[in-house]
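Here is the structure we will look at, set down as structure tokens.
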Number of protein chains: 2
Amino acid sequence: MPSRSAVPDGKRPTLSDLAARAGVSVPLASMVMRGAKGPSAASRERVLRAAQEIGYRPDSRARLLRSSRSHLVGVQFDLRQPFHADMVEALYAAAGAAGYQIALSAVTASRSEQEAVEALLADRCEALILLSPHAPAARLAELAAQLPVVSVARRLRPLTDGVDVVRAADDEGARQAVDHLVALGHRDIVHIDGGRAPGAADRRRGYKSAMKHHGLTDRVRLVPGGLTEDHGAAAARTLLTDSSRPTAILAFNDHCAIGVLDTLLRARIPVPDEISVVGFDDSHLARLAHVQLTTVGQEARQLARRAVSRAVARLEGEAADDEREVVVTPHLVIRSTTRAPCRS
Amino acid sequence: MPSRSAVPDGKRPTLSDLAARAGVSVPLASMVMRGAKGPSAASRERVLRAAQEIGYRPDSRARLLRSSRSHLVGVQFDLRQPFHADMVEALYAAAGAAGYQIALSAVTASRSEQEAVEALLADRCEALILLSPHAPAARLAELAAQLPVVSVARRLRPLTDGVDVVRAADDEGARQAVDHLVALGHRDIVHIDGGRAPGAADRRRGYKSAMKHHGLTDRVRLVPGGLTEDHGAAAARTLLTDSSRPTAILAFNDHCAIGVLDTLLRARIPVPDEISVVGFDDSHLARLAHVQLTTVGQEARQLARRAVSRAVARLEGEAADDEREVVVTPHLVIRSTTRAPCRS
DNA sequence: CAACGTTGTTACAACGTTATAAATCAAATG
DNA sequence: CATTTGATTTATAACGTTGTAACAACGTTG
């Protein structure tokens, strides 16, 4: 059996192993490892070489335990939502840039938000970033009493005490989508909504107000939908059995839009020739070569940056209380599922 | 500004705050909190009530630091792969049941496997579970010299020193798919492969050997593909421009199969009437109501359980060295994308 | 009544790191 | 040469928890 490390007893090497090896004191080794100023170039090099040799690796737990600050931000996300995947990716980058680390905790069918958050708290996160949390506002407020909490993509109304909100302007996004469709010549534009999902109400509102703005109040039509492909497919089937088909559909999100596209495809209804379809999120689904979905981009990178900087501001005590809600303007990404309606 | 906790100075309450509140010693409070045997019912209740009152929450970092064992298993996964989402979910459960916790570290476009693993090591994980790792075998061996490493879904040949492998029998899965199609009456069965992706070679082999077994060696046909919808779509387009169309397609995975389905749909080729399609993974994509893809199930739950128990066995020194590679038999899930071929 | 388990509780030291303050030393000053 | 300065380095004490061993308090036993 091969030895598992360069240190005799087989345990993972510690700072004092490192210091011994380099022939310096423990604190000095510590300073070198964390890049503090002080150590001379000579010591620095000696320690770093020794670290190489014995494969030393700082123990972040001990590190965090000692320093009052943990520089750790907990992120609760849903493994199933592609938009969350984009967010997590952007959060890694944003947090890193701000000098913070990220701890992930997933919500799944068998792991509740409660459990996910408990784990993050036990890990001594200094702040929480929750991606579209479903927890009741009261629960969020309770958490916010303990540490900074940022709710991403979930609007809180009225502003919950201590909870920051970072979200896309969902209403504005829906409006842009409608404007685009109207500009193309569409009038019968249907919205498949997201029910009670975070953001759904705003998108609904944006849709309605844009329709109204274009004098299409009497054409407003909402179909109950949801977040998944199945919801979109079901809604589309409903629409097809109808007497008057719309010429354009604004789906709650990309997933839902994909379901719609699939149903239309099966029904031999050409997109965008006969019906235009718009999604929401600009997740990687929308970018797939064979999908090329026109969609409303949520700017994951921006949202992530703002969420992190919000949390950091709170932690470093520079929180301006008038910025409790950060709203990022989405923008329409026009691909190949929208076009002027054909004359009927 | 509301106070952030029940302890005067605003910091998070510690064991000694708790002990003070309950009027007992720190070690006793500790014993109660971790459910050790010893404390009397009376003390137990007193401590627990105090914990409630001041909102005490154990600090897992300190806990892990103190106990030589961390009971923490690091999981490296890819945010983009739905199969990984299923695995992570199953891993949470499997690890929990074994008395271990999980630390997640995602691989993304901008975060390499190297970085992901570094983070896990710094977190003091006792073992690593890597989901379809792409790292070279030498790198894995290097890691395995430091701690138990389990590679899931990525075969290592020859068995790399110290690295355990848990995988589905990819060849057997492909074979089952072919058997199913042949039983339905198909003969022209094409395989869209996964190139150099983990498992791809085995699936290719399984496909070929099954075809041979059914006396269809001359019908063997491989089309280069990949892991994404785009790969599947591209491969399908290639097939359609061909003179002789197959009657069935075995795709590398579900994602790829969805791309195939989409292309067929657009080309107005009815599935399964004219062409049958089989995927691989049984990810939730396959289960969508409008997809209902026949696919080879990878048994995420089993794989997760085996991966965890493998890692745990190593940690607790009960590793039987003859079980370096655990192979789980996949099973075909028949849904609605396969049917007997129509007479041409 | 002394010796003895039991049961419950506690003091103490340790885990691996970092913050603080004190110590060392060479070079530079008066 | 004594003294100050500044740059390095070090000793010491934490951080919040748990393992160990010791300690009471108690009724049991011989």
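Note on naming: letters A, B, ... go to the chains in the order of the sequence lines (proteins, then strands), and numbering restarts at 1 for each one.
Of the possible donor and acceptor atoms, one in the side chain of A/Glu113 sits under 3.5 Å from a partner among the backbone N and O of A/His134. Listed for the B/Arg305 side chain is no donor-acceptor partner under 3.5 Å among the backbone atoms of B/Ala94.
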message = Using the rule given for salt bridge (Lys or Arg N to Asp or Glu O under 4.0 Å), can you reason through B/Asp123 versus A/Arg57, listing the C-alpha separation, both sets of side-chain angles and the distance that settles it, and then say yes or no?
response = CA-CA 10 Å; B/Asp123 264 359; A/Arg57 202 180 286 288; over 6 Å; no
List the steps, then state whether side chain to side chain donor-acceptor pair (under 3.5 Å) holds for A/Ser30 with A/Arg34.
-> CA-CA 6 Å; A/Ser30 164; A/Arg34 78 189 114 109; 2.8 Å; yes
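B/Ser132 places none of its side-chain heavy atoms less than 4.5 Å from the side chain of B/Asp78. Two residues are said to be in side-chain contact when any heavy atoms from C-beta on lie closer than 4.5 Å; B/Val152 and B/Ile129 meet this criterion.
Whole-Å rounding puts the B/Lys37 NZ to C/dT6 C1' distance at 13 Å. Put simply, CG on A/Asp59 is 13 Å from C1' on C/dT18, counting in whole angstrom units. In this structure, CG of A/Leu65 is placed 9 Å from C1' of C/dG16, rounded to the nearest angstrom. For the pair A/Leu15 CG and C/dA14 P, the computed distance is 18 Å after rounding to whole Å. Remark: P of C/dT24 and CG of A/Leu28 are 16 Å apart, rounded to the nearest angstrom. Between the C1' atom of D/dT18 and the CE atom of B/Met31 lies a distance of 10 Å, rounded to the nearest Å. Separating the CG atom of A/Leu64 from the C1' atom of D/dA14 is a distance of 16 Å, rounded to the nearest angstrom. Atom NE2 in B/His71 sits about 18 Å away from atom P in D/dT17, given to the nearest Å.
Rounded to 10°, the angle separating the first-five-pair axis and the last-five-pair axis of the helix from C/dC1-D/dG30 to C/dG30-D/dC1 equals 70°.
A sub-4.0 Å separation between OP1 or OP2 of C/dA14 and a side-chain N or O of B/Arg66 is absent. Residue A/Ser16 places none of its side-chain N or O atoms closer than 4.0 Å to OP1 or OP2 of C/dG16. Remark: B/Ser30 is in phosphate contact with D/dT18, judged by side-chain N or O atoms under 4.0 Å from OP1 or OP2. Applying the 4.0 Å criterion to OP1 and OP2 of D/dT9, one finds that A/Ser40 has a side-chain N or O inside that range. An OP1 or OP2 oxygen of D/dG19 is reached within less than 4.0 angstrom by a side-chain nitrogen or oxygen of B/Arg34. Phosphate contact (OP1/OP2 of C/dA11, side-chain N/O of B/Ser25, threshold under 4.0 Å): absent.
Taking the charged nitrogens against the carboxylate oxygens, A/Arg306 and A/Glu299 have no contact shorter than 4.0 Å, which rules out a salt bridge.
Distance from the side chain of A/Arg124 is smallest to D/dG16 among C/dT10, C/dT18, D/dG16. Of the candidate nucleotides D/dT18, C/dT18, C/dG16, D/dT18 has the atom nearest to the side chain of B/Arg63.
As judged by a 4.0 angstrom heavy-atom cut-off over every strand, B/Ser60 is placed among residues making no nucleic acid contact.
For the pair B/Val24 and B/Ala62, nearest-nucleotide mapping onto DNA chain C gives the more 5' position to B/Val24.
Taking CG of A/Leu15 as the start and CE of A/Met33 as the end, the distance is 7.5 Å to the nearest 0.5 Å.
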